[in-house]
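It should be emphasised that the depicted structure is a prediction, and the values quoted were computed from it without experimental measurement. Heavy atoms only: backbone and side chains are in, while hydrogens, waters and symmetry mates are out. For ligands, and for the atoms within them, numbers begin at 1 and follow the listed sequence.
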Amino acid sequence: MKTKILRPTEHNFAVATNELKRGGLIGLPTETVYGLAADAFNSEAVAQVFVVKNRPQDNPLIVHIHEGYDLFNLVTEINDTAKKLMKAFMPGPLTLVLKSKGTVSPLVSRGLDTVAIRMPSHKTAIALLKASNLPLAAPSANISTRMSATTAKAVKDELGGKIKYIIDGKTSEIGIESTVVDATGDVPIILRPGKITSEQIKKVCGSVQEVQKIAEGQKVASPGMKYKHYSPSCPVVLVDDIKKQYYNAKNEGYNPVVLGLKINLIGFIGKSINMGETIEDYAKNLYSSLRKAEKKYNYILIYAVKNEGLGKAIMNRVNKMVK
Ligand code: TXA
Ligand code: MG
């Protein structure tokens, strides 16, 4: 199968809609990361998502809708917690776990009685969701355990030959996956940290809980959190003593590179990739910098950021790739 990157035109939204309606998969841009989208009502299409990604069978998918879509087609209840979060953060980089009506393919929620719902704010994503008027089950558009893709080109590198179309929506502005929140109870529970922080959620709902580390094999609220994730094809190590680590790696025969913010890299004369000036830049450039790094080098040294606010979401990803 040849994979084509389509420009975001009305004509191409119709092409993509046809592909989705016949059970095909589409590379879909969003403001967080690109998704691998399938018609959430079509079990064969959803099954194919798991095959294409080599995704573990117990890891459920997020369903994407546009703002005008009737959510009660998919869920039985929207409680006050969910209403507040929707009002404050949707459309945007937030996914809400709600009580499922059982109308989407059972392969979407993998036996859970909930369904994860997200309304992207990316204009191309919205245009396709409106054109098709389908709820789209879409995990991140990468092979399982690899880092997510933030450009159409990265999706093609990752899934080329396995899907027909990727819609080009330029570089994803946020760069890391949405905040996943269980909103089935009175207190919202953050299952995966993201751009929408626990502080922001607490402000809106009055309280918030955060799910901490989950051991392999443990029964968990958000199954995706237990897997090794987001990893490039070579070792990734947190920076502690930059010069020592860099030259040790060289002495061991590696071709190392350092990833950090501009401020981290001042005065460093080895090979480096500058991810920008702010932690927002860091999030936006993280996956593309890792992809660039693994192509040209074989040992990645990466600077940590402060584990607070958006930094929590960043370190949640980075800690899963370091050895
Ligand atoms: O930003 C994003 O969320 C991107 C874009 C494409 O929307 N999608 C994404 O999907 O990151 P994925 O499949 O890579 O991650 C989905 C996460 C997993 O950790 C999964 O376990 C969790 O959401 N999840 C999905 N349905 C769930 C449910 N019913 N209950 C609890 N967790 C759920
Ligand atoms: Mg993913």
Heavy-atom contacts with [X] under 4.0 Å: which atoms of ligand 1 show up? List them by number with element.
{"X": "G35", "value": "6 (C)"}
{"X": "A116", "value": "25 (C), 26 (N), 27 (C), 29 (N)"}
{"X": "P139", "value": "10 (O), 12 (P), 13 (O)"}
{"X": "L112", "value": "28 (C), 29 (N), 30 (N)"}

Problem set entry | the Mg ion (ligand 2) to nearest N/O/S of S140 below 2.8 Å |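 An N, O or S atom of S140 is closer than 2.8 Å to the Mg ion (ligand 2), so yes.
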
Give the contacting part of [X] toward ligand 1: side chain, backbone, both or neither, where contact means a heavy-atom distance below 4.0 Å.
{"X": "L191", "value": "side chain"}
{"X": "N59", "value": "side chain"}
{"X": "T114", "value": "both"}

Between the side chain of [X] and the main-chain N/O of [Y], is any donor-acceptor distance below 3.5 Å?
{"X": "D281", "Y": "G276", "value": "no"}
{"X": "T81", "Y": "G185", "value": "yes"}
{"X": "E31", "Y": "I174", "value": "no"}
{"X": "K53", "Y": "N142", "value": "yes"}
{"X": "R118", "Y": "I62", "value": "no"}

Is it the case that ligand 1 has an N or O less than 3.5 angstrom from some N or O of [X]?
{"X": "H64", "answer": "yes"}
{"X": "S178", "answer": "yes"}
{"X": "E177", "answer": "no"}
{"X": "K53", "answer": "no"}

Exercise. Do the ring centers of Y282 and Y303 come within less than 6.0 Å of each other?
Worked result: no

Exercise. When you look at E177 and K195, which way does the salt bridge (charged side-chain N to carboxylate O under 4.0 Å, His left out) test go after all the steps?
Worked result: CA-CA 8 Å; E177 306 78 2; K195 170 80 174 169; over 6 Å; no

Problem set entry | Of the listed options M119, H122, R192, closest to atom 17 (C) of ligand 1 (non-hydrogen atoms) |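 Considering heavy atoms of M119, H122, R192, the nearest to atom 17 (C) of ligand 1 sits in R192.
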
Exercise. So, is the end of the R110 side chain (NZ or CZ) under 6.0 Å from the ring centre of F50 and within 45° of the ring's axis?
Worked result: yes

For this session: Please state whether R110 comes within less than 4.0 angstrom of ligand 1, counting heavy atoms only.
Result: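 Per 4.0 Å heavy-atom rule, R110 does not contact ligand 1.
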
For this session: To the nearest 0.5 Å, tell me how far D186 CG sits from C205 SG.
Result: 10.0 Å

